[in-house]
Every structure is written in C-alpha cells, then in structure tokens.
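Below is one structure, written out as structure tokens; comments come after it.
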Amino acid sequence: MLKFATILLCVCLFRGVIGQSISSGKCPQVKVQDNFDIEKYVGRWYEQERLFFAFELDQKCVTAEYTLQQDGSVQVNNTGYVKLERKFSTSLGNAKAEDPKVPAKLGVKFFPEQPRGDYWVLSTDYTSYTVIWSCGPITGVDANIQLGWILTRESAGLSASKMAEIHALLDGFGIDVNKYKTTEQNCNES
Ligand SMILES: *[C@@H]1O[C@H](CO)[C@@H](O)[C@H](O)[C@H]1NC(C)=O
C-alpha cells in the first residue's frame, strides 16, 4: 500500500488542496451514508474544513463542482486560490462508485492512469453539508494515511451547533477532529 501513499502524496502536491494526515494504527472503522443519491449530491460545494497536512500548499476559497456525466460517473472540478502564487488553480477529476451496491463509497482520480482513491461520503443532507473521508494503510509500519473534508453548500458554512454535530460524528468513529482546519472562504479581495 505504499503506492497508495505515494499516489496520495503526488495528488496532494499537485493539487495542493487535499488535507492529509498520518496516524498510527489501523484506519478508523467508519459508516457511510445510507441510500446515497448522487443526483441530489452534484453541484457546487464550498470547503469549510479539511484534515490538516503540513506540506500542502496554502489554498483558500476552495470549491468543488460535481457534474453528472452520461455514463453515471461524476466530473470533479476542484478550484482554489493558491495564496503563494496569488492565482486560482483548478484540477479536474472523475469520480464513481466502484460497487453500485455501496453508492456512497466513491473512488476519485485526477490522472487517467491513476487508480481511484477513496472518496467516501460519511454523511450528507445534500442541501447544506457533506462529510468526506478517505483512509489507507501504510505497509511496513503500523500507520495509516487519512484525508478528510467538510464541504457546505453555502460559502458562509454552517452554524456552530451543526458543525459540532459533524465533529461529534467524526469523533464517534475515532477520527481526531482537532486535526481539522478551517479553510478561508473570504474571496472578495482575491
Ligand atoms: C472549474 O471551476 C472553475 C471555478 O468555478 C471555473 O472557472 C472553471 O471554468 C471550471 N472548469 C471546468 C472545466 O468546468
């Protein structure tokens, strides 16, 4: 699974928007959204929080636009303002459920030859928030690589109480919510 780590790292350095974190032990046992409906899920989302990764390029105003394709897969358009470069950067990818019986477990890739990385929807109400999770073991060591995002339909995000509910959900799976960092969404001056 070292490959998994390398690929994630490459995607990470390339995109600069992925949150990623290395933790000891096995991946947390998570539960995904029941009866996930991709048609209600597509459209625009704003990144509110991501699992912090020290080496990621600093981006703000990160959005994800998901567009349903004719083959049932989803076009992914991740766009963010790279503070260091003072310009917006876009990465286009493709997501689809690898097992149609578990539609909330999507796989996403940003290069054609790349194996799909996990994009699991743990919880969404389709109209205000979504909680995305990805985790893979690292062979040879007792550790795993975690990626996580909380996206919202409104750039202004969620109420503190709703955010606390989402953090409680993650905490219940044994995910360290203290590693989640807020993504700036103040984009008027950029
Ligand atoms: C991706 O999203 C950005 C920001 O919304 C937009 O400017 C760009 O045209 C989109 N690219 C594609 C190929 O849809």
Side-chain angles (χ1 to χ4, degrees), residues 7-21 32-33 36-53 55-98 100 103-134 146-159 162-163 166 180-190:
I7 289 159
L8 287 185
L9 198 62
C10 290
V11 172
C12 179
L13 294 177
F14 179 72
R15 291 180 60 218
V17 295
I18 286 184
Q20 180 174 314
S21 166
V32 296
Q33 173 87 17
F36 179 69
D37 183 345
I38 193 72
E39 288 187 30
K40 293 200 302 203
Y41 190 75
V42 290
R44 176 177 285 262
W45 293 95
Y46 294 86
E47 186 183 272
Q48 290 306 322
E49 287 192 0
R50 60 175 173 242
L51 240 177
F52 182 68
F53 178 52
F55 300 117
E56 76 192 322
L57 290 172
D58 210 6
Q59 288 205 359
K60 64 175 192 171
C61 309
V62 181
T63 58
E65 180 98 40
Y66 302 133
T67 313
L68 202 55
Q69 306 294 288
Q70 267 178 354
D71 66 359
S73 72
V74 171
Q75 188 203 54
V76 175
N77 176 346
N78 288 332
T79 296
Y81 185 79
V82 186
K83 290 196 232 170
L84 221 59
E85 298 172 10
R86 297 195 182 164
K87 61 173 195 193
F88 279 91
S89 157
T90 289
S91 15
L92 294 177
N94 176 273
K96 75 182 228 199
E98 286 171 297
K105 289 189 176 177
L106 295 156
V108 65
K109 60 179 180 179
F110 292 91
F111 307 100
E113 66 282 8
Q114 182 198 341
R116 290 177 189 273
D118 287 347
Y119 175 118
W120 289 3
V121 180
L122 300 187
S123 177
T124 184
D125 66 354
Y126 305 100
T127 56
S128 69
Y129 76 92
T130 180
V131 184
I132 304 156
W133 180 248
S134 179
Q146 306 183 354
L147 302 92
W149 304 264
I150 298 166
L151 312 183
T152 57
R153 288 292 192 192
E154 302 283 337
S155 63
L158 300 166
S159 66
K162 187 67 213 177
M163 213 54 166
I166 292 173
Y180 280 73
K181 297 285 180 255
T182 303
T183 307
E184 286 175 58
Q185 284 290 354
N186 56 324
C187 310
N188 295 335
E189 82 282 13
S190 54

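Atoms within each ligand, like the ligands themselves, are counted from 1 in listed order.
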Sub-4.0 Å protein heavy atom next to atom 2 (O) of ligand 1
yes
With Thr152, which of Glu49, Gln185, Gln48, Lys162 fulfils side chain to side chain donor-acceptor pair (under 3.5 Å)?
Gln48
When you check the side-chain N and O atoms of Thr183 and Tyr46, is any donor under 3.5 Å from an acceptor?
no
Atom 8 (C) of ligand 1 sits nearest the protein heavy atom Asn77 ND2, 3.8 Å
Distance from atom 5 (O) of ligand 1 to nearest protein heavy atom, with residue and atom
Arg44 NH2, 3.0 Å
Donor-acceptor under 3.5 Å (Tyr126 side chain, Asp37 main chain):
yes
Can you confirm whether something in the protein, heavy atoms only, sits under 4.0 Å from atom 14 (O) of ligand 1?
yes
What class does the angle between the rings of Tyr119 and Tyr41 fall in, given that below 30° is parallel, 30 to 60° is tilted and above 60° is perpendicular?
perpendicular
So for ligand 1, is Thr90 a polar contact partner (N or O within less than 3.5 Å, distance only)?
no
N/O donor-acceptor pair under 3.5 Å between Asp118 side chain and Trp120 backbone
no
Would you say Thr79 touches ligand 1, if touching means a heavy atom closer than 4.0 Å?
yes
